[in-house]
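Worksheet: one structure, shown below.
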Amino acid sequence: MKKFCLSVILALAMTMSLTGCSQTPKQEPAKTGDTMSGVFTGTSTGMQGPVSVQLTVEEGKITKAEVTECHETAGLSDVALERIPAQIVEHQTFDLDTVTGATLCSNALMRAAEDAATNGGMDLSALKANAYHAAAGEAETLSADVVVVGGGGAGLSASIAAAQEGSKVILIEKSSFLGGDTMMAGGAFNAVDPEAQAERVLSEAQKNTLDSYLALSTTDADLHLDQFPEWAEVLTTLQSDIQAFYKANAGKTAGKDMPGFDSISLHMWHIYTGGLRQMNDGRWIASDIDLARTLAESALNSYDWAGSIGVGTASHAGAGDSLYTVLGAMWPRTHAYTAGLPLIQVLQSAAEKEGVTIYTETAAKSLIVDDNGRVTGVKAEKADGTEVTLEAGHGVVLASGGYCANPAMVKQYDEYWGDDLTDRTLTTNVGTNTGDGIVMAMEIGADTTGLGVSQLMPSSSPIKGTMTDGIWADASEQIWINGQGERFVDEYAERDVLAKASLTLDNGIFYIIYAGSGMKEADGLCKGASPEEGLFGTTIQSMVDNGHVWYGSTLAELAEASKTAAGGATPAFTEEALRTVIEKYNSYVENQNDPDFGKEVLAGAIDLEAIENDPNVGIVISPRKASLHHTMGGVVINTSAEVLNAEGQPIEGLWAAGEVTGGIHAGNRLGGNAIADIFTFGMIAGQNAGKAQ
């Protein structure tokens, strides 16, 4: 078995209990008692699969604990994989503290060690009597100009930006690893990029969408501009932008030689309409226009800034072909960038290069406020209970994330999903996103907004809640079907629309058909997926082997495969149903019109003949189910990222960025806007805190 951890995305709450250790045959020791010697192996179950530990025992003492099999997420599990085996040897026990943020991995390692000891006939009572749990040390006090709470993308961005202003910066993160939910993100960064758009060809479906915007009126009742009149100007500007674009490209034809189009007003309009939602009590909510404008106007600069500190980004010239539409983005303005663990490694390196001091396993507990109401620091606690006071001369930046890993809190505040949510709903998030920063800010009088709205990621694992264990293409190319093999929704719609539609199906499970991507093919056709192709760090073949997806080199093989359970479902599709839905979708792509669901941007016709004549490629179907993904609500900020109180006044010395804030995305966040948000407002918060006096 491989002795390293395979990199896959982990986003299930880390406090779930593990299944019991699997039992391996008892391995006879060379001797017994204090003279016992031998090598014994045990196995347990982690989040991503089996975890095995091998114990080397010499004369009754454990001299080596080695992880011989592990499939847990690289980056999230690293500290646990290093610390737990070392402590097993040091303390001669498997009863140890779990590593913050890696509870499942920690418990799996300890249970596997116990299984190994059992298989070796060791004295379990003696090993348990050696239980080791770290004790709190003496209280500590640390000082800096700026203290950043949270080591995800927003916190790392803020710390780098503050340090670039010349400030001494301390960043604290309650988990054992940096990255938070940014490490879980799929690599989508929305930004208006006219230079890249000019290299694209506007599709017929996209032009139809622009024409529909020209037909809108500020008096249209379903736009609710009577309640949010500030947004009427954005529609007027958008219509002017579109007309100017058409005039500049007179004589050109969509789908042939008319270039792509995007504008600040279009991105803002998508933020508005994408987030305009009615709550269960009948109220409508919309994005704060000033925050939305800041995001739309600044995202490209934030993207470039990320590139300047080492993040892999694309230059604008030549980037036209690489722009795409991530699920729920509403337009092909999504830029690729270095994502996952490599992104966090780049950001950590950049922060350390700027002199930022980073403390992991240090959880903020409360904000320190002086007699004048200014935030001057943070009270924190290390994993072993040691109290830490962090003094901040300029102030504090909150970047501690949302609360999707606290489904009870989501359910407590929910005003949108109703019975579709429970306090046990699965999540894509890391387990440390529990809303701590929001609660701390509320305790000192910070105002909040939008706490009643969360976003469900529809394309999640039905078993884990993570975005892993499946594969799909650009939103314009996706085909979603129900258990009968029929489309049931516009796959280009916003994420809450998609989630609501999917939750009406049997057990809330639907299926994504994937046959490769046609975006890089001259004819735009999807010509099949290779088993070696992959997503989120694993291959289609691995997904098939682990029972996550179905694959067939022909539709007949695919239909037959779907008779075996995968992802908690056994739809048993017929070949006829699959062929019918694919051929019908192909015709919609050809005609650039979806009469069934009105999909606005259509692509991804599947070349069935080519695929079925090539034994090296095939079609994949991934079972999916909605899980908690993003909380729209949080503390109220202004465009300077200052946290506001209930009177709308800035709380001196307190800034915030990322998912800990609210107001930007209203009732639904567009796919690809979160990363733009954390870099944009992380940079703004850091710059302003860094230069504050």
Side-chain angles (χ1 to χ4, degrees), residues 8-12 48-49 184 186-188 324 326-328 426 428 456-489 491-492 495 498-499 501-503 505-518 526 528-555 557-573 577-578 581-582 585 604 606 611 617-627 629 671:
V8 270
I9 300 294
L10 169 66
L12 183 67
Q48 303 293 355
M184 305 291 104
Y324 68 104
V326 72
L327 184 69
L426 296 178
T428 65
L456 296 178
M457 168 56 75
S459 52
S460 302
S461 163
I463 296 174
K464 301 176 185 175
T466 64
M467 290 192 293
T468 60
D469 307 332
I471 189 167
W472 48 85
D474 183 274
S476 65
E477 297 184 314
Q478 292 183 32
I479 304 175
W480 291 19
I481 59 176
N482 58 23
Q484 291 70 51
E486 303 164 334
R487 286 180 70 223
F488 63 94
V489 72
E491 300 91 344
Y492 207 75
R495 287 176 175 175
L498 298 170
S502 70
L503 289 170
L505 306 178
D506 291 343
N507 296 316
I509 297 178
F510 68 98
Y511 309 87
I512 301 179
I513 299 174
Y514 177 76
S517 175
C526 300
S530 164
E532 300 308 311
E533 191 177 343
L535 186 67
F536 296 134
T538 191
T539 65
I540 291 171
Q541 187 61 58
S542 177
M543 294 182 216
V544 172
D545 293 342
N546 288 312
H548 299 314
V549 303
W550 301 284
Y551 173 88
S553 61
T554 66
L555 286 182
E557 289 183 7
L558 184 61
E560 183 65 26
S562 71
K563 295 178 182 178
T564 301
T570 313
F573 296 117
L578 294 175
V581 72
I582 290 172
Y585 183 80
I606 297 174
I611 294 170
V617 298
I619 300 175
V620 186
I621 296 179
S622 303
R624 300 280 89 185
K625 184 176 183 178
S627 68
H629 184 58

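What's counted below: heavy atoms across the whole structure, side chains too, no hydrogens, waters or symmetry copies.
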(Q) Could you check whether any side-chain heavy atom of R487 comes within less than 4.5 Å of a side-chain heavy atom of V581, counting everything from C-beta outward? (A) yes

(Q) Looking at every heavy atom in both S517 and E477, which two are closest together, and how far apart are they? (A) OG-OE1, 2.8 Å

Q: Would you check if the side chain of N546 reaches a backbone N or O of H548 as a donor-acceptor pair within less than 3.5 Å?
A: no

Q) Side chains of L578 and I481: does their closest heavy-atom pair fall under 4.5 Å? A) yes

Q. So, for I463 and L426, which heavy atoms are closest and what is the spacing to 0.1 Å?
A. O-CD1, 3.4 Å

**Q.** L558 side chain near F573 side chain, heavy-atom distance below 4.5 Å
**A.** no

**Q.** Distance-minimising heavy-atom pair for C526 and I611
**A.** O-CD1, 3.8 Å

(Q) Any side-chain to backbone donor/acceptor pair from Y514 onto S622? Under 3.5 Å, distance only. (A) no

Q. How far apart are the closest heavy atoms of L327 and E491, and which atoms are they?
A. CD1-O, 3.7 Å

Q: Take W480 and I512 through the test side-chain contact (heavy atoms from CB on, under 4.5 Å) and record every step on the way to the result.
A: CA-CA 5 Å; W480 291 19; I512 301 179; 3.6 Å; yes

(Q) To check you understand the geometry: which heavy-atom pair defines the closest contact between S502 and F510, and what is its length? (A) CB-CD2, 3.6 Å

**Q.** Heavy-atom donor-acceptor pair, W550 side chain to E560 backbone, under 3.5 Å
**A.** no

